[in-house]
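Notes to accompany the following structure.
Labels below follow one simple rule: chain letters A, B, ... track the order of the sequence lines, proteins then strands, and each chain is numbered from 1. Quick caveat, the model's predicted, so the values are computed rather than measured.
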Amino acid sequence: MLRLLSFALFIATWWIASLLIGDAKLPAPPAVLSVLAAEARSGALFVNLGATLARVALAFTLAMALGSAIGYLMGRVSLADRLGDPWLILLLNLPALVVIVLAYIWAGLTEVAAITAIAINKLPTAVVTLREGARALDPALDEMATAFALPRGRAFRHVVLPQLAPYIAAAARSGLSLVWKIVLVAEYLGRPNGVGFEIGVAFQLFDIPLLLAYSLSFAGVVLVIETVLVQPFETRLTRWRLRAA
Amino acid sequence: MQLEVNITGKSFASAAGKRHDVLDNVTFTLNAGEVGVLFGPSGCGKSTLLRILAGLDANYQGHVARSPGMRLGMVFQEPRLLPWRTVEENVRIAAPDVDDGTLSALFEVLELSVHRNHFPGELSLGLARRVALARAFAIEPDFLILDEPLASLDNALAGRLRDQVATLVASRKMMTLLVTHDLDDAVRLGDRLFFLSPRPARILHVETIAAPRATRSEPEIGEIKRQLSQLDLANM
């Protein structure tokens, strides 16, 4: 109910702003909606959203898997930390645009180049978060696992992973928002479809309703994924914590 | 099964780089079916000694011979349960081979049956201690280490838990090593009492109680305690 109210407030603000600024710069909600409907009818909306989502899913999975493994290793083994740290700082501070442009130059305007570039942008933040998580692991529970001679796999699943879960969730959430942003840049610069490509087209034609239609439908998808996937996952992970009765 | 302990020294380097001797000469042997009690002042190095015996600390001088394949059950000073797993899961993760009947009987003795599906955060300290005990017993250990399992519980509860520990220890032929500050607990639960000196710890006196644990009467226990409290430990 509160969410609905907040959504209504957003539409109202938009509408009033469009009346004040003028249709040319900020079209009113109905104009954007009709463009959205037209794109949906032609099927272009779904093709482009689908292409972007697929790139997000692939790059996100790749970066999370690799980043978590590297971060865990760096948090646990000080040699790995000392070796990896300069690389990590370099990657963290490398602008997304540089990675994307270089990837396109070296590997051509290909899908592989785009996804790799997006993943490389997300990778260091996942490493940093998981490294903090691995450093914060409770040594008392490690000792318990050793004393009871828990096999490695079982100890990892029941002792280590639940302690890392909040860090994985944090890395996933910040990583997802980062990937959403960077995927559009990569598409804008070098892919023939996707939300980023359509926004590029709209920019060149100064087609503001089209630009807003794609931006907002994309934001809608993000919101749905957050509500349906990320939040229930977090709730499940923290169900053992005491809740206020 | 037998445990031979022959530690000649153990020291830590403090943050300032100074060397602190924690253990001096500690030599004893423990046989299956025997309950040894480590009795000594706070901070004398008992927990350090236990960590060495449990194989958690290999950095010491001397030698500890444990029979190969020996299963260790350990109750730490803090319960060290997994907060994200239920009581029953906590026990089963440590002891995957435990059968349902044994587990039920164990929970029955420790009065944990109604708490099976609770998370550790929902338990009092006394209950969490009992879960830690259940976990240590469920693996059917050959060597059981109890690090002050009754500390910071009120007298009535500590007494009940002590009886439960006594029942469980008697139910299996294993080596048990108990750390306590409480002479009463030591005399009621132990077969051999090792009196330790302040840091660096060494064994000052070994008291063997001949009467089997279950047959000790209240006057006998009182008499042993009276004799032990007259020991002049400070000058040994």
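A distance of 12.0 Å separates OG1 in A/T146 from CG in B/D57, rounded to the nearest 0.5 Å.
Looking at heavy atoms from C-beta onward, A/M144 lies in side-chain contact with B/L82 at the 4.5 angstrom threshold. With contacts defined as side-chain heavy-atom distances shorter than 4.5 Å, the pair A/E143/B/M74 does not qualify.
When the shell of 6.0 Å around CZ of A/F7 is examined, it contains 12 or fewer heavy atoms from other residues, nucleotides or ligands. In the displayed structure, A/F233 atom CZ is contacted under 6.0 Å by at most 12 heavy atoms of other residues, nucleotides or ligands. Atom NE2 of B/H63 sits in a sparse spot, with 12 or fewer heavy atoms from other residues, nucleotides or ligands closer than 6.0 Å.
Between chain A and the options B/E78, B/R135, B/R71, heavy-atom pairs under 4.5 Å are most frequent for B/R135.
Across every non-hydrogen atom of A/R154 and B/A94, the tightest pair is NH1-O, 4.4 Å. Minimum interatomic distance between B/I93 and A/L150 (heavy atoms only, all atoms of both residues): O-CD2, 3.4 Å. Annotation for B/A136 and A/F148: closest pair CA-CE2, 3.9 Å, computed over non-hydrogen atoms.
Residue contact with chain A, scored on non-hydrogen atoms closer than 4.5 Å, involves the backbone and the side chain of B/L72 alike. For B/I145, no part sits under 4.5 Å from any heavy atom of chain A, backbone or side chain. Interface remark: B/R85 contributes side-chain atoms only to the contact with chain A (heavy atom separation under 4.5 Å). If you measure heavy-atom distances from A/A149 to chain B, you find no contacts under 4.5 Å at all.
When atom types are taken as modelled, the side chain of B/W84 and the backbone of A/H158 share a donor-acceptor pair closer than 3.5 angstrom.
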